[in-house]
Amino acid sequence: MKLIIAYIKPERLNAVKQALFKREIFKLSVTTALGCGQQKGYVEQYRGVLKEVNLNKKMRLAIGVNDHFVEQTIEAICEGARTGHIGDGKIFVLPMEECVRIRTGERGPEAIG
Amino acid sequence: MKLIIAYIKPERLNAVKQALFKREIFKLSVTTALGCGQQKGYVEQYRGVLKEVNLNKKMRLAIGVNDHFVEQTIEAICEGARTGHIGDGKIFVLPMEECVRIRTGERGPEAIG
Amino acid sequence: MKLIIAYIKPERLNAVKQALFKREIFKLSVTTALGCGQQKGYVEQYRGVLKEVNLNKKMRLAIGVNDHFVEQTIEAICEGARTGHIGDGKIFVLPMEECVRIRTGERGPEAIG
Amino acid sequence: MISKVFYIVFAIAFLSSASAFAQDSASAEAVQQNLNIVWTLVAGILVFFMQTGFAMVETGFTRAKNAANIMMKNVMDFAVGSIAFFLVGSAFMFGKSAWGLIGTDGFFMKVFEDASNWNWTFMFFQTMFCATSATIVSGAVAERIRFSSYLIYSIIVSAIIYPISGKWAWGGLFNPDAAGWLGNLGFCDFAGSTVVHSVGGWLALAGAIVLGPRIGKYMEDGKANSIPGHNLVIATLGVLILWIGWFGFNPGSTTSGVGDIGRIAMITNMGAVAGTVCAMITACIIMGKPDLSMTLNGCLAGLVAVTAPCNTITPVGALIIGGIGGVLVILGVLTLDKIHIDDPVGAVSVHCLNGVWGTIACGLFNAEAVLKLSDKSTGLFYGGGFHQLGIQLLGVAVYAAWAFGLGF
Amino acid sequence: MISKVFYIVFAIAFLSSASAFAQDSASAEAVQQNLNIVWTLVAGILVFFMQTGFAMVETGFTRAKNAANIMMKNVMDFAVGSIAFFLVGSAFMFGKSAWGLIGTDGFFMKVFEDASNWNWTFMFFQTMFCATSATIVSGAVAERIRFSSYLIYSIIVSAIIYPISGKWAWGGLFNPDAAGWLGNLGFCDFAGSTVVHSVGGWLALAGAIVLGPRIGKYMEDGKANSIPGHNLVIATLGVLILWIGWFGFNPGSTTSGVGDIGRIAMITNMGAVAGTVCAMITACIIMGKPDLSMTLNGCLAGLVAVTAPCNTITPVGALIIGGIGGVLVILGVLTLDKIHIDDPVGAVSVHCLNGVWGTIACGLFNAEAVLKLSDKSTGLFYGGGFHQLGIQLLGVAVYAAWAFGLGF
Amino acid sequence: MISKVFYIVFAIAFLSSASAFAQDSASAEAVQQNLNIVWTLVAGILVFFMQTGFAMVETGFTRAKNAANIMMKNVMDFAVGSIAFFLVGSAFMFGKSAWGLIGTDGFFMKVFEDASNWNWTFMFFQTMFCATSATIVSGAVAERIRFSSYLIYSIIVSAIIYPISGKWAWGGLFNPDAAGWLGNLGFCDFAGSTVVHSVGGWLALAGAIVLGPRIGKYMEDGKANSIPGHNLVIATLGVLILWIGWFGFNPGSTTSGVGDIGRIAMITNMGAVAGTVCAMITACIIMGKPDLSMTLNGCLAGLVAVTAPCNTITPVGALIIGGIGGVLVILGVLTLDKIHIDDPVGAVSVHCLNGVWGTIACGLFNAEAVLKLSDKSTGLFYGGGFHQLGIQLLGVAVYAAWAFGLGF
Ligand SMILES: Nc1ncnc2c1ncn2[C@@H]1O[C@H](COP(=O)(O)OP(=O)(O)O)[C@@H](O)[C@H]1O
Ligand SMILES: Nc1ncnc2c1ncn2[C@@H]1O[C@H](COP(=O)(O)OP(=O)(O)O)[C@@H](O)[C@H]1O
Ligand SMILES: Nc1ncnc2c1ncn2[C@@H]1O[C@H](COP(=O)(O)OP(=O)(O)O)[C@@H](O)[C@H]1O
């Protein structure tokens, strides 16, 4: 099992969800995050004073999947999140050793979906 | 060492904390998250227009533990978070290679607790 | 590749960013979190009723790095975040199996930076 | 005790109401009558502003998730209350008295015939008072009462409970013949510490008891949990708006544009600032640091406390009465918490406790002679003896039994 | 129909304006004139408060990210509008009539000579009305109009569109000789359901159509998406402030401190509460649960609807007119959504639809005889026949064509 | 220069104060006197509303974490200030003059004997002015002053600094014999650009310098850091409330209900809108885009600038004075930032800089003859020569030395 973590632009969240649903990946968790990458920040002005904001708003997705779903998930995220511009984000794939469905106590690959 | 990540219902956070404390697991980090799983979203209405909200509020726990604590932690989370209804959440166990206590620079299993 | 996760005090974020930039680590993601550790919570009062707040505000950093950058990253975080007091936080290093740059589809070590 | 001013005003009202436009008879009396109308209307609008104040205080002191619900309740209680008071409440309050207990005619405000009659303005002002009384309860029952129950309750208060309470003390305001039994006894409640605030406050207490505390307010081991308000800026805005409204509430209760309004405004302000300062100090002593929400409650407590005696006390009297009010409200809030009555905004301590205190204060601090309002002061401390104090205590007891009893 | 009150007031105004200080000639007429000034000024200040109300309603009903932008627009439209009305608008509205269509003198408010003349107060009051009309549009075009376009539009409305609209119905208020053609016909719009609200509302409708919906409001498949307001507490605050402002708007339109103001305030309140209650019930029936934002719209709808007839109807008439307004506004909001006209705050349904309804209601519910304002009622339901109704319908049609046409 | 109106009013006040109820002597003079009382009280209530405005502006322009603290300070400064002014301040300001510098009798407001005397209303109005002056400082020292120091400071301002400042220019308002030395010279400050605003502003400047900037406001390399306000909606609400309050502040300073109040309201409005528009344009030019917080400051700047001359200038004069105020405030804010004086809400630029400008403007734009207030205008541009201008400059210098000196 793997845990796939992706940082994407907030406005692409819906498209990514759609792309995942198309591939029958229905379960995911989302957190708001701030990211700092190749995308430079922007400059704001308040009462004549400039302020550099170098963390951009991002969404962090966490999706637990079985091994044979990894490629499809990556594909789906790329499909939904890619705009071709800097700041599109990253996907990290982490190994996962165990997964538990709290409701039933089920473990392992069946618990994930 | 393992990093245990759990998505639970927000209102169960207190019970989970209690269950963990009973087992002398005192250290954890919490983030708010939105989850999408078997639990269907709900429909809101604003000025006569329906809006489907299919992300439910969740809490994300992250607990770094030594290997022999893993089972007890899973047990504690299940004990505190289980209601038997859809939406109870998931636990993911990830392998962890290193752990550092920033204050002292200690590393490895001693650093975790 | 590794995913380095660190929980630090919010007010140290800027110093940590600076320390990372000095070592040419420019990419990271930040999330707000609440932490519970050796640092005891504090007691608030509202209308004469005491309220124990035992979750302190923390920042969670996630930094994907190539293997030979791990030590420098840990060093940088410690440099920026250490105050020597309880509550300075923890660093967790997780193995990462794959990394994808969404914009280009690149994979592996090149994608991370 | 109903101020002499009233009678004069009404005498003029009846004399001049025959002429549709006051200008037609360009007499100074007619102009004064118009001035009374303008002032009373402005005061009524200020009292209406208190609805905004209550809404802001209540939402600021409670959780964000209930904000829409509380707004809804505060808008709707005014709406249904206005209609109920128009249809029947006003008649119960100001109609021909049956044994000084309840009015019996004038339903649908049918008494108004003339387009420019004083009555319209008077009833506008009274409608706003009625709404204030009804809305007090919403703070105490916030975050747990069902919306439909609350609507029904608002109708009952505005149609029946408040008008009957009002009849007893104020029934003679509109028509001296229709006075209520307490008014006839000489009960002193100039602007409504009892009629408006303590009635609302007793109902609030009953409501808070009946509904029980909010989930999570008290833990199994009996310890209280704090459920912090979500926006103290909005709560402060609300208190300041209420304060402004009170400058209509108290001075407006003269219903006439004469010099007394300036004095009453000054007295009202003194009560408010003394309440604020004393509550802050008390909170500091008990809890170790100044507390904004308690200080705000203290301000309202001072205002409620001087409401009954505002026409008959000196500024120094107002400082004392308001100051004691500020202390009382803190003790009230802490005590209610201890006996597990959950009142999210402190409505009971502000309106009920201080409504009672203000009413009693009339019997102690009334200084009519000092102010040259009459030859003899009725307050105990100004040589008036125990007579007035007795009447005040009777009034307090009667209203407590009536409103608290009905509340259950 | 222009109220008799006006003429009397102005007669007095002209008589007494010669003396710089009314006290010099201590006649009762002069004091009454001063009283009129005080009341009209206070009412004007209350109308100014409506700017705050509009700003709060609009920002509360839209997204947080546009809050600063909406604040900026609401402050600036008043600022540039005031200047435009001062320089030219007031002249177009109240100057010497050219064919009853437009004023031709008095630019820069040059007519004012005397330091204590009544005119100053009158023009202050009128400036606030003009600003209200201009600001109505900003709600309907919120979250998408460019700031500079909005400024230009505000100037045009305040300098030209509103003053000309106003001339037709109200040109004679300042100087009876300068009356407009609709006023001469006997068109009844006491406080501006048509002149202020429906003109603003038609412009709002045109603006909403021209600008098209906000991005994301309608999906490709034609389904509407809800874009929830970010702060319903602020929106409620805004509505309550508007309600207060209306107590200046309607009773202030007498521009004289006489008994009628109390009646008009009462009528205004009845319209508001009926609108609130009926909107809540309608929303419950259609959507299955009470909805705060719809209820708030209902309150404003009731207020707009009674604005035209507020001087000539009975309280029961106000309940009916306001109640129908509350139903209409909900149907209006839902219908606009269906035909993909995006009006984030419901400005069109509130001001345009109910402005029209209120104007027509004059022809149906006018009850001058019941109120002893004149011998004969002009409302259809009170035996006045179809004459007044015809004039009202003519007025509605003319203003619709004019304002909606110009809006494009 | 103290308006003629005052003297007349007071003459009447003294004549009629003997009769407890004005209705008893139903003379037109007595009714006018009552009208003055009603108007002054309403104006005082509007000025009280400014407390709410200041609280909202200050909290909106600062960080969320300090909101409760700022609310607490704004409520408490009014509370302790009211008491201090009641006990001693009013005596220092209006008591028998010692060398035109300070009042020496009337402590505890003992002078009031009569229940319906005009004095009560006058003192109510003055209390609100005093509180306004004290509260100005809180914006400039926001987010860093200690609460207890602030309380002590508020007491000193309300008990001593403001009353003495007030004595000099306005000591004769209550009793012409008690006039101060500047008032006797003919210093013109109708509603308080200097007495209220610049005194508050100078104290604010001193406070901001003494306390030093907030942590994090200026970086080691000297660059300024922006610490954005947390809620511009609340800040805008505050400014609009202040604007409303100013309609009590300026027109109310006549303390009489006569036609002049309408003119002064109009002038006040012109100053505000001109300030708003010019500040917006200036900010656009300097910073490249319209800026809400600067525009709001511009509005207040225009209001402060026309406060001194509001009784003696023409509307066009008001547009010019307000407009220059709007430009000045932006330059002021940017300059202070450059010299590292940290004023989170712009209080110094608004109240001090424009208080000074408004006071000087009297000497330039006073147009008494145009307004038929007297035979000769005193403003330089209206042929009045340099006499008045000299007195104004003297006043500015004296108050600057006094208030800024004391502030340290
Ligand atoms: N190595 C990394 N570690 C953690 N987060 C990263 C990393 N690289 C990128 N991110 C996240 O992805 C977001 C987009 O990064 P960016 O560098 O702009 O994209 P790209 O690398 O595709 O040009 C960043 O804002 C950050 O949140
Ligand atoms: N595979 C997954 N990846 C990421 N998060 C998940 C996954 N499965 C469940 N979750 C999280 O757990 C929450 C509960 O999921 P749900 O499907 O309702 O529970 P269950 O699977 O026990 O029926 C979800 O809202 C989501 O946040
Ligand atoms: N084992 C753990 N699992 C998850 N989070 C942890 C763990 N230990 C520490 N933390 C995080 O680090 C923060 C600081 O912890 P603390 O115990 O005060 O530091 P230290 O261990 O250095 O004394 C905590 O608030 C929490 O967010």
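Sequence lines set the chain letters: A, B, ... in the order given, protein chains first and strands last, and positions in each chain run from 1.
Interface residue A:Thr104: only backbone heavy atoms are found under 4.5 Å from chain B. Residue contact with chain A, scored on non-hydrogen atoms closer than 4.5 Å, involves the side chain of B:Thr31 exclusively. Of the atoms belonging to B:Ile5, it is side-chain heavy atoms, and not backbone ones, that fall under 4.5 Å from chain A.
Rounding to the nearest 0.5 Å gives a distance of 11.5 Å between CE of B:Met96 and CG of A:Leu94. Atom NZ of A:Lys17 and atom SG of B:Cys36 lie 6.0 Å apart (nearest 0.5 Å).
Residues B:Pro95 and A:Pro95 share a closest heavy-atom pair of CD-O, 3.2 Å. Nearest heavy-atom pair, A:Cys99 versus B:Phe92, reported as atom, atom and distance to 0.1 Å: SG-CE2, 3.7 Å.
The residue from A:Glu98, A:Met1, A:Arg107 that alone fulfils the side chain to side chain contact (heavy atoms under 4.5 Å, CB included) condition with B:Val93 is A:Glu98.
Between the side chain of B:Lys90 and the backbone N or O of A:Ala111 there is at least one donor-acceptor pair closer than 3.5 Å. A donor-acceptor pair is defined here as one N or O able to donate and one able to accept, closer than 3.5 Å; such a pair exists between the side chain of B:Arg82 and the backbone of A:Ile102.
In terms of heavy-atom pairs under 4.5 angstrom with chain B, the leader among A:Ile112, A:Val100, A:Leu28 is A:Val100.
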